[in-house]
Amino acid sequence: MRTYLVTGGAGFIGSNYIHYMFRKYGDEIFIINVDVLTYAGNPENLADVENRSNYRFVRANICDKEAIRKVFAEYDIDRVVHFAAESHVDRSIVQPELFVTTNVLGTANMLNCAKEAWELPDGSFKEGKKFLHVSTDEVYGSLPEDGGYFYETTPYAPHSPYSASKAGSDLLVKAYMDTYHFPANITNCSNNYGPYQFPEKLIPLMIHNALEGKKLPVYGDGKNVRDWLYVEDHAKAIDMVCEKGRLFETYNVGGHNEKQNIEIVKTIIDILREELPDSDPRKAALTYDLITYVEDRKGHDRRYAIAPDKIRAEIGWEPETMFREGIRKTIRWYFDNEEWMEHVTSGDYQQYYDKMYGEKKEIG
Ligand code: NAD
Ligand code: TYD
């Protein structure tokens, strides 16, 4: 039975990955989820797996040396799948040091603890072990509007404190691979969307606001481009890289699905209108008039676009979910899980929203 140490498994992508893995492997795997439960970590995301005999939750900070060492001492870990991070660009602009602590120092600690547990006296590593570092396409910086893609060979040029801290963490993983032949892979994925995403990110924030009849705050001219991937396709890619990826390699993950932000917001309104019955009082208010252009994000990257050629050619991974189908599934998930949304938007969320959006000037 293969044993996984998943970090950040109570967050958006981590929880989708854990669901995917149990659906795929059932009782053939053992998962230990290490998560400190920040505002972004939500045990509700994993309520349906918490009683499995092949699942353990450990509440710990990835920066805590003793806590992470203890997990490695207690279990014979075969795979580390490292998601835990501070992940929101807007928060990184307000609180950059937190991003350095979690993303850089936390990753350094995870690497050290895995190295300590897996290294043999001759400096080689135990057979079959692997550290999979989950990263982002934002480390490559911003592309011009009129062309170009991010390849694995594209030089790093991060702009936000978030992407700079993720770039720092990637470089540490690369340094461990180069220096110690530490068994690892890095995946750099484009923007994800789907169930369990916290409504600070574009898609769930727009779904939530639209259903509440609130303004839909589009930054700048709304023409920034992101390359969107349904989260389950990302989970599948991570599993395939874990099993088939050549050690020491980086794989870009993305679905050639570039969209301007304004197009995304309009698609959400269209699909919400299609999905809501005419009798629902929220439907009448759901029009493009809710769209409000607001002051731009500082240092806002213009365009991201992944070239997924390597993962397709070497590993055979391809995205399976078309964008409109993925958005529809996501919207239906939020309809079916209104309580989840209520829970995550009560408490501190309103304060966050007022702080981030209250001061943004409307433009245009
Ligand atoms: P998220 O913010 O939803 O979840 C992060 C999780 O990490 C939370 O459960 C949180 O409690 C946990 N965490 C944070 N700090 C921690 C710490 N110090 N110790 C232990 N746990 C801690 O993030 P996400 O969107 O699921 O992203 C997961 C990973 O994927 C991140 O590394 C992110 O950089 C990367 N990524 C995200 C996207 C995206 O579109 N969301 C795209 C590409 C890559
Ligand atoms: P986001 O979901 O924060 O992901 P990232 O910044 O990591 O790509 O934002 C996606 C895009 O949507 C980005 O160009 C910023 C824009 N955006 C808005 O226009 N309004 C919003 O309220 C948010 C959260 C994002």
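By convention here, the first residue in the shown sequence is residue 1. From a predicted model like this one, the values you see are computed outputs, not experimental measurements.
- When the shell of 6.0 Å around CD of E339 is examined, it contains 12 or fewer heavy atoms from other residues, nucleotides or ligands.
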H88 vs Y39, side chain to side chain donor-acceptor pair (under 3.5 Å): CA-CA, chis, key distance, verdict: CA-CA 12 Å; H88 188 37; Y39 76 92; over 6 Å; no
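- In plain terms, the two heavy atoms of Y293 and D221 that are nearest each other are CE2-O, 3.6 Å.
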Test salt bridge (charged side-chain N to carboxylate O under 4.0 Å, His left out) applied to D301 and R226, step by step: CA-CA 9 Å; D301 285 338; R226 300 292 183 264; 5.3 Å; no
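- The aromatic rings of Y176 and F182 sit perpendicular to each other, their planes meeting at more than 60°, with 30° as the lower class boundary.
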Step-by-step salt bridge (charged side-chain N to carboxylate O under 4.0 Å, His left out) determination, E86 to R91: CA-CA 9 Å; E86 288 293 335; R91 288 185 193 254; 5.9 Å; no
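- The number of heavy atoms from other shown groups lying within 6.0 Å of NZ (K283) is above 12.
- Annotation: H300, atom NE2; neighbour count of heavy atoms from other residues, nucleotides and ligands within 6.0 Å is above 12.
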Verdict with supporting geometry, E138 and K166, salt bridge (charged side-chain N to carboxylate O under 4.0 Å, His left out): CA-CA 8 Å; E138 303 191 26; K166 288 298 289 187; over 6 Å; no
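- Using modelled atom types and a 3.5 Å distance limit, the side chains of Y20 and D233 yield no donor-acceptor pair.
- E119 and Y180 share no side-chain donor-acceptor pair at under 3.5 Å.
- Environment of NZ in K215: sparse, with no more than 12 heavy atoms of neighbouring residues, nucleotides or ligands closer than 6.0 Å.
- Taking the charged nitrogens against the carboxylate oxygens, R312 and E318 do have a contact shorter than 4.0 Å, which makes a salt bridge.
- You'll find the ring centres of F198 and F12 outside the 6.0 Å limit.
- Judged by the 6.0 Å and 45° rule, R56 forms no cation-pi pair with Y75.
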Steps toward salt bridge (charged side-chain N to carboxylate O under 4.0 Å, His left out) verdict (K329, E232): CA-CA 11 Å; K329 272 163 87 166; E232 205 174 298; 5.2 Å; no
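- Residues E116 and N112 bring no donor and acceptor atom of their side chains to less than 3.5 Å of each other.
- Ring centroids of Y4 and F30 are separated by 6.0 Å or more, keeping the two rings apart.
- A donor-acceptor pair shorter than 3.5 Å cannot be found between the side chains of Y149 and N252.
- Within 6.0 Å of atom NZ in K360, more than 12 heavy atoms from other residues, nucleotides or ligands are found, so the atom counts as buried in its surroundings.
- Between the side chains of N103 and Y162, no donor-acceptor pair is found at a separation under 3.5 Å.
- Proximity of Y230 to F323: side-chain heavy atoms (C-beta onward) are nowhere separated by under 4.5 Å.
- Counting heavy-atom neighbours within 6.0 Å of D348 CG, excluding the residue itself, gives a total of 12 or less.
- Aromatic rings of H234 and Y17 (six-membered ring for Trp) have centroids beyond the 6.0 Å cut-off, not under it.
- With hydrogens and angles left out, the side-chain atoms of Y219 and D90 include a donor and acceptor closer than 3.5 Å.
- In this structure, E274 places its CD atom where more than 12 heavy-atom neighbours from other residues, nucleotides or ligands lie under 6.0 Å away.
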Evaluation steps, side chain to side chain donor-acceptor pair (under 3.5 Å), between N209 and Y357: CA-CA 12 Å; N209 280 19; Y357 293 88; over 6 Å; no
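- Side chains of D170 and Y156: a donor on one and an acceptor on the other come within 3.5 Å.
- Under the 4.5 Å side-chain heavy-atom criterion for Ile, Leu, Val, Met, Phe, Trp and Tyr, L172 and F248 are members of the same hydrophobic cluster.
- The backbone N or O of P195 sits less than 3.5 Å from a side-chain atom of N16, completing a donor-acceptor pair.
- Between the side chains of T250 and K310, not a single donor N or O lies within less than 3.5 Å of an accepting N or O.
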